[in-house]
Amino acid sequence: MITKSEKETIKLGEKFAKTLEGGEVIIMIGDLGAGKTTLVKGVAKGLGITKVVNSPTFVLMKIYQIKVAEKKIRNLIHIDTYRGLEIADLHNIGAIEYFHRKDCVSFVEWGAGLEDYLRQNKISYQTIKIENISENERKIIIKNK
Amino acid sequence: MALESSCDETAVAILNFKNDSFNILANLVSSQVQVHAKYGGVVPEVAARLHIEKIIPLIQTALKQAGKKLKDVDCLAVTAGPGLMSSLMIGTETAKALALSLNKPLIRINHIEGHLLSASEKLKFPAVGLVVSGGHTQIILVNDYLKYKLIGETRDDAAGEAFDKVAKILGLGYPGGPAIGAAAEKAISMKKLSGITIQLPRPMLDKQGFEMSFSGLKTSVLYKWNELKKRLKPTELDNAKCLMAAEFQRAVVDVLIGKTILAAKKYDAQTIILGGGVSANKLLRAEVVDMADKKLPGVKVIIPEIKMTGDNASMIAQAAYFHLLKKDFIDPLKLKPDPNWQLVS
């Protein structure tokens with residue numbers, strides 16, 4: 001899919017949120033400034049979260065509760081491994097536990113390094129790859145693994 | 001005695017309070033920045049391990065420096081958030097153990113509150129505070145001590161985080177703040193480069209409200225830089241790098257100061273407070289004084305000394321004093337760190 005502005009990326013995130021059922025782990029791949037956090041903002045909006053979704057780079061993980069939910073999803077987990085996070089770190093902050101919960105959906109920015117671990121531990125996941133085409137255009141590829 | 005370990009600095013301070021004024025008997029910070037520099041950012045697992053190694057010896061050194069014994073400590077304070085969970089835990093668990101074994105009261109402090117009170121000057125209320133660091137970019141209305149309201153924050157990246165990421169794009173090294181500041185200073189003395197003008201946006205500056213955004217600015221730098229790389233010679237590129245750093249720094253400072261002045265006007269602030277690691281930035285410090293002078297004459301501007309801008313434990317003790325007056329203690333067994341703790345009252 002191609003989006004032509006930040007707004008369209010947010011819209012796409014909202015749409016994608018409607019396909020979620022709970023328990024999904026989504027690995028996000030894309031360069032600095034690709035729009036990974038922007039897409040998660042859209043997902044949050046689609047899930048009915050009104051709180052500001054901002055970069056989790058510093059705290060590694062932000063958890064947003066969903067109060068009025070149509071489905072059984074109760075938490076959006078937003079993780080960022082930009083700073084070269086290791087599996088031990090993800091255990092430390094409790095992130096891994098959320099991957100097994102049906103009432104959570106987890107988005108992991110810069111999560112490419114996590115794929116081996118997820119495969120070995122038989123945790124199914126999806127990938128979203130965002131490619132920069134121009135300053136405003138993005139190519140977004142969503143895959144089930 | 002206050003402990004601070006929310007990110008990559010282990011810090012211990014011992015302060016003596018008397019009639020609303022205080023003496024800093026010891027204020028020690030053990031920084032891990034060199035260790036994390038090779039990773040281009042703080043690695044939490046490494047940070048936590050170093051906090052464990054450092055905290056007890058640092059407490060011992062602080063006591064020695066203050067000429068005090070552990071039993072002389074009347075009250076303990078500790079940063080309980082926001083920050084990295086695994087880092088926060090080292091400080092809180094140590095403080096809990098000390099409070100229990102010494103049977104002394106324990107106060108939990110929000111890291112942002114510490115930054116707001118990191119200068120020793122008395123505040124006139126209402127005050128508007130700008131706290132900017134690697135993890136935070138917030139504008140807070142302070143109606144009185146202990147009365148805080150968040151009125152604006154970044155929608156995406158923190159200002160310090162943008163500095164780090166832009167420094168990485170430009171290949172300037174970590175931490176990004178000082179690296180960009182140094183490159184920007186070179187730009188001042190540089191001759192104009194023919195055919196190059198670098199103009200970056202000032203995100204959200206023309207919008208109402210106090211929300212900020214730095215992610216788009218980072219993306220603009222990325223695109224302009226990639227374009228320059230294609231068409232400039234290596235020697236020109238070095239100069240362009242300094243110009244880009246200067247324009248980026250200017251853009252961030254314009255947005256931060258613009259929003260802070262706007263907030264101070266709206267809430268009729270008597271004081272403007274600056275705090276957090278990014279408040280060590282020279283341009284930001286100069287500009288806040290300048291703009292307040294021009295636009296809000298009579299408003300007091302409080303900027304911490306450079307050594308108090310980064311994370312330290314003295315600011316935690318200074319904030320704890322106001323909680324101590326209200327006997328706002330917490331049962332050590334009930335204290336849990338909160339990585340996303342919002343400062344509100």
Side-chain angles (χ1 to χ4, degrees), chain A residues 5-7 9-10 30-42 44-45 50-65 75-97 109-110 113 130 132-138, chain B residues 6-8 36 38-49 81-89 133-138 150 152-158 160-162 164-166 168-169 174 211-227 338-342:
Chain A
S5 65
E6 198 179 324
K7 262 199 188 128
T9 305
I10 290 181
D31 285 337
L32 270 178
K36 299 179 291 298
T37 300
T38 306
L39 192 74
V40 178
K41 272 177 190 291
K45 208 171 159 196
T50 50
K51 240 183 120 180
V52 178
V53 171
N54 46 27
S55 170
T57 299
F58 182 76
V59 286
L60 309 173
M61 178 171 73
K62 291 196 171 181
I63 299 167
Y64 300 91
Q65 286 179 352
N75 299 287
L76 168 67
I77 317 293
H78 189 192
I79 297 167
D80 188 338
T81 66
Y82 170 72
R83 302 191 298 183
L85 213 54
E86 289 167 23
I87 300 298
D89 292 318
L90 292 174
H91 274 293
N92 268 352
I93 59 172
I96 301 279
E97 292 159 38
E109 295 194 21
W110 300 96
I130 309 182
N132 299 36
I133 302 173
S134 69
E135 184 153 359
N136 295 313
E137 281 177 301
R138 300 290 184 270
Chain B
S6 62
C7 186
D8 61 341
H36 296 286
K38 67 174 174 189
Y39 304 104
V42 180
V43 184
E45 172 78 9
V46 175
R49 280 171 207 277
L84 299 171
M85 187 57 167
S86 46
S87 286
L88 287 165
M89 276 172 63
S133 68
H136 320 285
T137 305
Q138 299 190 337
L150 177 68
E153 66 178 329
T154 178
R155 286 177 164 194
D156 36 57
D157 297 6
E161 180 184 340
D164 282 342
K165 287 180 174 171
V166 165
K168 192 164 185 181
I169 292 170
Y174 175 88
E211 280 217 318
M212 291 162 280
S213 161
F214 298 101
S215 176
L217 188 56
K218 167 190 78 191
T219 312
S220 289
V221 170
L222 180 73
Y223 276 90
K224 291 217 158 61
W225 183 240
N226 285 344
E227 188 247 326
D338 178 356
N340 299 311
W341 186 12
Q342 279 263 8

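In the text below, chain A, chain B and the rest are named by the order of the sequence lines, each starting its count at 1.
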Quick one, B/M85 with A/L60, criterion side chain to side chain contact (heavy atoms under 4.5 Å, CB included). Give me CA distance, side-chain angles, the key distance, then yes/no.
CA-CA 9 Å; B/M85 187 57 167; A/L60 309 173; over 6 Å; no
In terms of heavy-atom pairs under 4.5 Å, which option from B/S133, B/S86, B/G83 contacts chain A the most?
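Max contact count across the listed options: B/G83.
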Ranking B/D156, B/N226, B/I169, B/V221 by heavy-atom pairs under 4.5 Å to chain A gives rank one to B/D156
Residue list, salt bridge (Lys or Arg N to Asp or Glu O under 4.0 Å) with B/K218, at least two apart or on another chain
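Partners of B/K218 under the salt bridge (Lys or Arg N to Asp or Glu O under 4.0 Å) test: B/D157.
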Just to verify, what does A/T57 make a side chain to side chain contact (heavy atoms under 4.5 Å, CB included) with, not counting sequence neighbours?
A/S55, A/D80, A/Y82, A/R83, B/E161, B/K165
Report the option among A/D31, A/V53, A/N132 that has the most heavy-atom pairs separated by less than 4.5 Å from atoms of chain B.
A/N132
Chain B interface, residue from A/I63, A/T37, A/L32 that has the most non-hydrogen pairs under 4.5 Å
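Highest number of heavy-atom pairs under 4.5 Å: A/L32.
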Find the distance between OG1 (A/T38) and CD1 (A/I10) and round it off to the nearest 0.5 Å.
6.0 Å
